[in-house]
Amino acid sequence: MTHSQAHDVQPPMGMLAELTHRCPLQCPYCSNPVALERRRQELDTATWQRVFAEAAELGVLQVHLSGGEPALRPDLPELVTACVDAGLYSNLITAGVNIDRVRLETLADAGLDHVQLSFQGATPEVTDHVANMTGAHARKRAFAAEVTDVGLPLTLNAVIHRANLHQIDEFVDLAVELGARRLEIAHAQYYGWALVNRAALMPSREQVMEAVERVEAARERLQGRLVIDAVVPDYHARLPKPCMNGWGRQSLNVTPSGKVLPCHAAETIPHLEFWNVADHGLREIWYDSPAFNAYRGTDWMPETCQSCERKEIDWGGCRCQALMLTGDATQMDPVCEKSPYHDEVQTLAVRDASGASEFTYRRFARTTESA
Amino acid sequence: MTTIQESDIVRLPRGVRLREDKRRGGWVLLAPERVFQLDGIAQAVVGHVDGERSVGAIIDGLCETYQAPRERIAEDVTAMFAGLVEKRVLEVA
């Protein structure tokens with residue numbers, strides 16, 4: 001019996017394809033790693049096409065074409081076609097500042113299924129400040145209008161934190177006004193860039209509770225008109241999030257250079273061995289690579305998790321967060337009230353909520369080589 | 001609360017697709033960042049949605065396949081459609 005069979009591993013449902021880490025925006029909570037991958041490292045068109053075919057064969061149903069800004073890839077329409085040919089549902093996750101009408105129509109004609117558009121704020125002042133790009137908000141609004149005009153379904157994605165948490169109602173109004181079918185209100189998750197900026201992003205517990213109430217009220221008010229999905233903030237919580245719905249259980253992430261990760265932050269766990277699509281087939285990576293098998297199932301869990309009735313609900317929470325806050329990736333997620341580190345995390349959240357408000361914007365490290 | 005009339009015509013909106021899931025078995029409704037795994041009954045019902053037939057006609061069709069009182073089938077089908085409309089994966093044409 002192989003390691004993977006021991007865990008009764010199911011095929012993945014979703015794949016996040018980070019086509020590039022290049023992006024015209026500089027959001028201080030970007031989910032990309034602090035060490036961004038450069039253009040010359042990016043997979044070529046043919047390799048992505050092979051990866052999409054392998055993904056469909058493996059059991060993936062939906063592909064999220066993401067980045068960075070995926071539209072910076074000139075071959076984006078060909079990649080959408082590759083998804084369509086493989087029977088995959090294609091979702092474009094974009095900042096919406098560099099796709100003109102002609103290109104959008106090309107993508108729609110290629111068979112793109114859905115567009116998820118980010119808004120860093122509900123007003124020009126906030127969006128342009130958080131994205132560190134003048135005119136970003138106006139461009140996004142214009143792009144949203146084109147998306148619905150072309151007939152593609154639109155989701156707005158709002159990452160929220162201390163600098164825009166007061167805009168929940170305005171985000172909801174914006175989504176309705178722009179004809180979005182769905183709104184994602186996602187609290188910043190503190191990995192990578194967001195960890196660097198945690199003191200500038202962390203809201204207070206009171207702000208979080210108010211935001212939750214406002215989301216709930218809007219959801220009720222707009223039932224049947226706008227679907228609102230919320231990602232809850234976890235430093236202030238009592239129970240951990242079911243991170244990725246379990247490590248290596250439902251989804252995988254391919255980086256611009258072809259590394260395959262159980263989640264986009266997994267590289268923050270330094271001892272894990274990630275395999276690359278250049279060297280292995282996607283099936284082999286999913287079932288047999290050391291990184292995917294490291295925290296699969298429940299065998300790896302500490303005793304407190306093993307004996308917890310929620311172990312197959314939250315899957316021990318987040319491995320990256322455990323490492324970051326306790327120094328040990330096999331610890332229970334310290335957000336959990338059963339963790340010996342729980343009080344420390346709450347104290348840290350309270351401290352950061354009154355931290356300085358200056359952002360360290362996301363950008364490539366300065367080197368003599370260009371991106 | 002959404003209610004569905006038998007005279008309504010329902011359809012899958014753009015961005016929602018019904019397809020077979022060969023790897024896991026069964027059928028799925030693929031929607032923006034969601035996957036709905038359908039049981040046999042849901043598959044049979046959603047499989048009748050073509051954007052042309054009325055809800056009443058779909059119920060009639062199901063009555064021929066399933067040996068159950070029409071009233072009961074009508075109740076189940078309209079409740080299922082109302083739920084899908086609220087999730088925005090089905091729309092009234």
Exercise. Taking atom CD1 of B:I58 and atom CG of B:D50, what is their separation to the nearest 0.5 Å?
Worked result: 6.5 Å
Problem set entry | Heavy-atom contact with chain B under 4.5 Å, split by part of A:L222 | neither
Exercise. Quick one: does A:T94's side chain get under 4.5 Å of A:E69's, heavy atoms only?
Worked result: yes
Exercise. Looking at side-chain heavy atoms only, is the closest gap between B:V77 and B:M80 below 4.5 Å?
Worked result: no
Problem set entry | When B:R19, B:K87, B:E33, B:R17 are compared by non-hydrogen pairs under 4.5 Å with chain A, the top option | B:E33
Exercise. With sequence neighbours left out, what residues match B:D60 under side chain to side chain donor-acceptor pair (under 3.5 Å)?
Worked result: B:R70
Seminar exercise, completed: By residue number, those in residues 241-249 of chain A with heavy atoms under 4.5 Å from heavy atoms of chain B are none
For this session: Classify the side-chain pair A:H264/A:N253 by whether it contains a donor and acceptor separated by less than 3.5 Å.
Result: no
For this session: Mark yes when over 12 heavy atoms from residues, nucleotides or ligands other than B:E20 sit less than 6.0 Å from its CD; otherwise mark no.
Result: yes
Problem set entry | Contacting region of A:R182 [heavy-atom separation from chain B under 4.5 Å] | side chain
Exercise. For B:R24, is it the side chain, the backbone, both or neither that has a heavy atom under 4.5 Å from a heavy atom of chain A?
Worked result: side chain
For this session: Verify the neighbour count for atom CZ of A:R225: are there more than 12 heavy atoms of other residues, nucleotides or ligands below 6.0 Å?
Result: no
Problem set entry | Per-residue contact mode, A:E184 against chain B (heavy atom under 4.5 angstrom) | side chain
Exercise. Are any non-hydrogen side-chain atoms of A:Q120 and A:C27 less than 4.5 angstrom apart?
Worked result: yes
Exercise. When the ring planes of A:F292 and A:W286 are compared, do they come out parallel, tilted or perpendicular, using 30° and 60° as the limits?
Worked result: tilted
For this session: Measure from the side-chain N and O atoms of B:D8 to the backbone N and O of B:Q5, and report whether any donor-acceptor pair falls under 3.5 Å.
Result: yes
Seminar exercise, completed: Assert top hit (heavy-atom pairs under 4.5 Å, partner chain B, pool A:L154, A:D229, A:T155) equals A:D229
For this session: Using non-hydrogen atoms and a 4.5 Å limit, figure out which bit of B:Q37 sits close to chain A: side chain, backbone, both or neither.
Result: side chain
Problem set entry | Heavy-atom pair count under 4.5 Å with chain A, highest-scoring of B:E91, B:K22, B:R34 | B:R34
